[in-house]
Trainee: 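Quick one: structure below, then a few questions.
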Amino acid sequence: MTEQATELLIGLNQAQQDAVTTTEGPVLVVAGPGSGKTRVLTHRIAYLIREQGVSPDQILAVTFTNKAAREMRDRVDNLVPHSAANGLVMGTFHSLGVRILRQNPGLVSEHLNLLPNFVIYDSGDQQELVKRAIIAANLDPKQLQPRRMQARISAAKSVLQTPDEFASTVETYDDELVLRIYREYERGLRNANAVDFDDLLGLPIRLFDMVPTLLERYQQRFRYIMVDEYQDTNRVQYVIVSALAAYYRNLFVVGDPDQSIYAWRHADIRNILDFEKDYPDAKQIHLELNYRSTKRIVQAADRVIRENEQRIERTIRTENEEGELISLRELPDQNAEASFIVNEIRRLMTSQGYRGDDIAIMYRTTAQSRVLEESFRVSDVPYRIVGGLRFYERKEVKDLLAVLRLLHNSYDRMAFERVIDNLPLGHGFGPKAMEAVQDWAQEQHSTAIDACIATVPSINADPDQSKPSLSAPARRAAEKIGAVFARLRVSAETSTLAELFDDIIEQTGYRDLFADGTEEDLQRWANIQELRSDLEQYDFMEPGKALGAWLEQVALVADVDNMAEDARGQVTLITLHSAKGLEFPVVFIAGVEDGLLPISRAVEAEPFDPAPMEEERRLFYVGITRAKKLLYLTFAGNRLSYGRYQMGVRSRFLESIPADAVRSVTRHGFRGGGADRMAGKKSGSLASRVTGDWIASSERVVTVPPPPSLPLPDYAVGQHVFHPKFGEGTIDEVIARNDDQELAVTFTRHGKKRLMASLARLDVLGES
DNA sequence: TTTATCCCTATTTTT
DNA sequence: TAGGGATAAA
């Protein structure tokens with residue numbers, strides 16, 4: 001072995017070295033959390049390039065997120081100097097799928113009936129399209145729940161069933177309905193010259209079936225294939241991998257069955273469990289030594305995951321130090337939970353030397369992030385939220401995105417309707433006009449946008465030219481739309497994306513929607529500016545090409561992908577699902593309650609199907625194993641959901657964590673929602689003792705020195721108050737809640753709101 | 001055609 | 001609680 005080779009292996013344990021140097025043939029690496037699998041993958045790629053002289057463009061590495069791909073590429077670049085890694089193909093399955101489709105526009109239009117400028121529908125568009133498909137199939141969207149239908153269609157697609165193939169599996173009446181909707185849905189997609197996420201995986205396979213030489217080309221090209229997070233691949237992804245790897249058989253997959261958390265997205269755990277059946281000559285390597293977490297954290301995780309029945313028996317271990325006890329805290333409600341977390345973080349930052357970006361808060365449902373965010377907002381601790389409402393799914397962003405999409409692909413019906421419904425440009429253009437325009441488009445084999453353009457006299461002077469039949473006011477609206485889009489089309493061909501964007505905002509009247517200058521408007525306007533600077537990144541490209549490239553990138557980014565590498569001291573708020581693959585010195589898991597973690601559906605399903613419950617447990621396991629040094633688990637005795645308080649019960653998963661690993665903290669005495677305000681008095685003061693401290697079972701917990709906070713005034717009906725967000729208002733009602741007050745306030749600008757006095761930060765302006 | 005108001009239902013996770 | 005959809009009124 002050369003010196004360079006040994007250099008690449010320095011610091012790797014034996015198993016890791018095996019994984020790096022076994023380059024030929026099928027290899028399965030079962031990698032526990034924190035066992036250095038990313039290191040193995042990057043070093044292996046570097047090893048192939050540097051030691052085996054493999055050309056980077058013969059290597060394909062598939063990751064779960066674009067972010068993971070990017071990080072891996074950076075790390076490989078550091079290991080392989082002088083850009084020797086250029087040409088490496090790295091990305092998600094979905095981006096690989098698009099890549100294949102985009103590289104073969106001729107075959108795609110010949111065999112798949114798609115124009116080269118096809119667009120990718122996101123889940124929102126899909127949902128809407130499904131709803132239309134239900135209506136088109138003469139069914140009732142209220143009875144059939146578009147969500148569920150979409151899930152059924154997606155399930156069919158993820159096992160590569162076309163509507164015709166699905167038809168042969170129909171058993172129940174419900175299946176029958178799904179089939180009808182599925183057919184309409186496919187038709188809608190193709191009419192809009194669009195594909196959905198599942199198509200990005202399925203269509204390449206269909207293309208390979210129809211054009212075997214195409215598959216051969218890719219098989220020859222990708223001599224070494226690596227797949228990360230293999231436990232979360234589904235059937236289609238499995239087929240893609242098997243097809244591509246069939247020639248060279250140099251397939252290297254890494255995964256951990258215990259971290260499989262995407263069965264609901266049709267991930268099929270059999271892919272990893274049956275790997276050795278598929279490749280009897282496969283070498284199996286286990287990475288079990290954890291380099292990430294303290295002994296206590298690793299042991300707790302091990303105890304938790306052990307309870308699962310459907311599992312290959314194994315143990316994770318670590319040689320790291322014992323570490324701190326795990327903190328377990330019950331709080332009265334979700335507000336107290338949130339402020340406890342914020343206060344504790346503040347303490348860690350001020351007296352323990354942690355930085356904000358060392359810390360993450362994880363939760364099961366995105367809804368939980370709101371309360372947490374509220375608490376951060378009123379604190380001085382910087383934070384960022386990953387997941388939840390994604391940037392590109394915000395209303396104002398989607399509205400403008402729709403214009404861009406429509407300019408790129410005028411068949412995009414969903415985009416057209418969105419423009420009509422949401423932009424001032426669409427005013428006066430109602431359902432009747434919409435129908436007329438769609439009919440015309442159908443007849444003329446044209447598009448709705450061109451129907452509008454056809455009504456513009458200055459563009460279309462020919463009186464014999466057919467035009468959509470519209471009432472006078474509708475015609476005026478259509479003319480305006482047509483004129484604006486005709487201009488924008490020119491702009492799209494000649495200007496940079498940022499200039500085009502400015503034109504759009506001006507000409508569609510979108511700017512006028514933000515003239516009020518309320519705080520919400522400002523935020524939304526800021527989002528629009530952010531969108532604009534996103535577009536600026538593509539200014540280097542040719543005007544005609546940039547739009548397509550940018551739209552593609554938008555469709556495929558996940559929220560984690562946008563997580564800045566340098567978090568600039570911000571605390572991360574993230575769902576447990578999105579947290580997979582990440583690590584933080586300090587982790588809080590919030591809402592560790594039955595009904596939330598495990599989620600209620602899993603609890604209900606358990607008697608007849610234990611699988612969802614096991615997946616919940618794995619999710620908890622994933623969360624625990626993100627923590628390097630400190631782990632906090634919190635749950636609330638009462639939690640607001642559906643607008644009412646529900647009793648919370650500590651999660652059954654907590655029973656598996658040994659008591660001596662936990663600083664179990666129970667509440668002493670009674671204190672309501674204003675707990676933190678009371679704790680706000682100097683620690684050790686009479687007040688804090690009287691109202692009760694947190695008492696640990698195994699050790700005394702020092703009360704957190706809390707943030708300075710002012711005592712709240714007593715609010716009364718009729719007072720004029722000022723709110724930082726809602727402005728001026730009058731108090732209508734005051735309800736005592738423990739030692740807090742719930743206020744009903746009518747604001748001049750924002751109408752009636754109900755607020756908790758402790759959070760609202762109201763200033764009293766005077767009595768009325 | 002647009003806007004206001006009321007009622008209903010739904011929260012799991014995401015490429 | 002909020003967001004969507006239906007209904008009524010202007």
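Chain A is the first sequence line, chain B the second, and so forth, proteins listed ahead of strands; every chain is numbered from 1.
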Trainee: Hey, does A/R618 reach any base, or is it just sugar-phosphate, or nothing, if we go heavy atoms under 4.0 Å?
Mentor: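 The residue A/R618 makes no contact with any strand.
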
Trainee: Which whole-number value in Å describes the distance from A/D232 CG to B/dT13 C1'?
Mentor: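 From A/D232 CG to B/dT13 C1': 11 Å.
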
Trainee: Hey, is the side chain of A/R147 poking within less than 4.0 Å of OP1 or OP2 on B/dT11, counting only N and O atoms?
Mentor: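 A/R147 to B/dT11 OP1/OP2: side-chain N or O found under 4.0 Å.
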
Trainee: For a ring-ring contact (aromatic ring centres under 6.0 Å, His included) with A/H577, tell me which candidate from A/F64, A/Y363, A/W264 qualifies.
Mentor: A/W264

Trainee: Could you say whether A/G426 or A/Q126 is positioned toward the 5' end of DNA chain B, judged by the nucleotide with the nearest heavy atom to each?
Mentor: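 Final value for this comparison: A/G426.
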
Trainee: Can you tell me if A/E435 has over 12 outside heavy atoms packed within less than 6.0 Å of its CD?
Mentor: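 12 or below, so no.
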
Trainee: Give the residues of residues 598-612 of chain A touching DNA chain B, defined as any heavy atom closer than 4.0 Å, sorted by residue number.
Mentor: A/I599, A/R601

Trainee: If you check the A/H427 side chain, which of B/dT14, B/dT15, B/dT3 turns out closest?
Mentor: B/dT3

Trainee: Under 4.0 Å: is that the gap between some side-chain N or O of A/S578 and OP1 or OP2 of B/dT14?
Mentor: yes

Trainee: Counting side-chain heavy atoms from CB outward, which of B/dT1, B/dT15, B/dT13 is closest to A/H94?
Mentor: B/dT15

Trainee: The side chain of A/Q145 is closest to which nucleotide in this list: B/dA10, B/dT2, B/dT13?
Mentor: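 Side chain of A/Q145 sits closest to B/dA10.
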
Trainee: So A/K398 and A/D125, do their side chains get closer than 4.5 Å, heavy atoms only?
Mentor: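 In short, these two side chains touch, coming nearer than 4.5 Å.
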
Trainee: Using whole Å, report how far CG of A/L576 lies from C1' of B/dT14.
Mentor: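 Rounding to the nearest Å, CG of A/L576 and C1' of B/dT14 are 14 Å apart.
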
Trainee: Hey, which of A/N271, A/V254, A/V62 is the one that makes side chain to side chain contact (heavy atoms under 4.5 Å, CB included) with A/Y230?
Mentor: A/N271

Trainee: Would you say A/E128 and A/Q126 are linked by a side-chain donor-acceptor pair, where the criterion is simply a distance under 3.5 Å?
Mentor: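 Note: A/Q126 and A/E128 side chains miss the donor-acceptor criterion.
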
Trainee: Send over the distance from A/Q127 CD to B/dT11 C1', rounded to a whole Å.
Mentor: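 These atoms are roughly 13 Å apart.
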
Trainee: So, A/D140 and A/K142, do they make that salt bridge, N to O below 4.0 Å?
Mentor: no

Trainee: Identify which nucleotide among B/dT11, B/dT15, B/dT1 has an atom closest to any side-chain atom of A/A474, counting heavy atoms from C-beta outward.
Mentor: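 Output: B/dT1.
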
Trainee: Output the single nucleotide from B/dT15, B/dT11, B/dT13 whose closest atom is nearest the side chain of A/R265.
Mentor: B/dT15

Trainee: Can you check whether A/T366 has a side-chain N or O nearer than 4.0 Å to OP1 or OP2 of B/dT13?
Mentor: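 Yes, because at least one side-chain N or O of A/T366 sits under 4.0 Å from OP1 or OP2 of B/dT13.
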
Trainee: Using the rule for Phe, Tyr, His and the six-membered ring of Trp, do A/Y262 and B/dT14 stack at under 5.5 Å and under 30°?
Mentor: no

Trainee: Can you tell me the distance, in whole Å, between the OH atom of A/Y642 and the P atom of C/dG3?
Mentor: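 A/Y642 atom OH is separated from C/dG3 atom P by 15 Å.
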
Trainee: Could you tell me whether the phosphate oxygens of B/dT11, OP1 or OP2, come under 4.0 Å of any side-chain nitrogen or oxygen in A/S641?
Mentor: no

Trainee: Mind listing the N/O atom pairs, protein and nucleotides 4-10 of chain C, below 3.5 Å?
Mentor:
residue, atom, partner, partner atom, Å
C/dG5, OP1, A/K131, NZ, 2.3

Trainee: Got a salt bridge between A/E186 and A/K157, using NZ or NE/NH1/NH2 to carboxylate O under 4.0 Å?
Mentor: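 Yes.
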
Trainee: Any chance the side chains of A/Q310 and A/E614 put a donor and an acceptor closer than 3.5 Å?
Mentor: no

Trainee: Find the distance A/E393:CD to B/dT14:C1' and express it as a whole number of Å.
Mentor: 9 Å

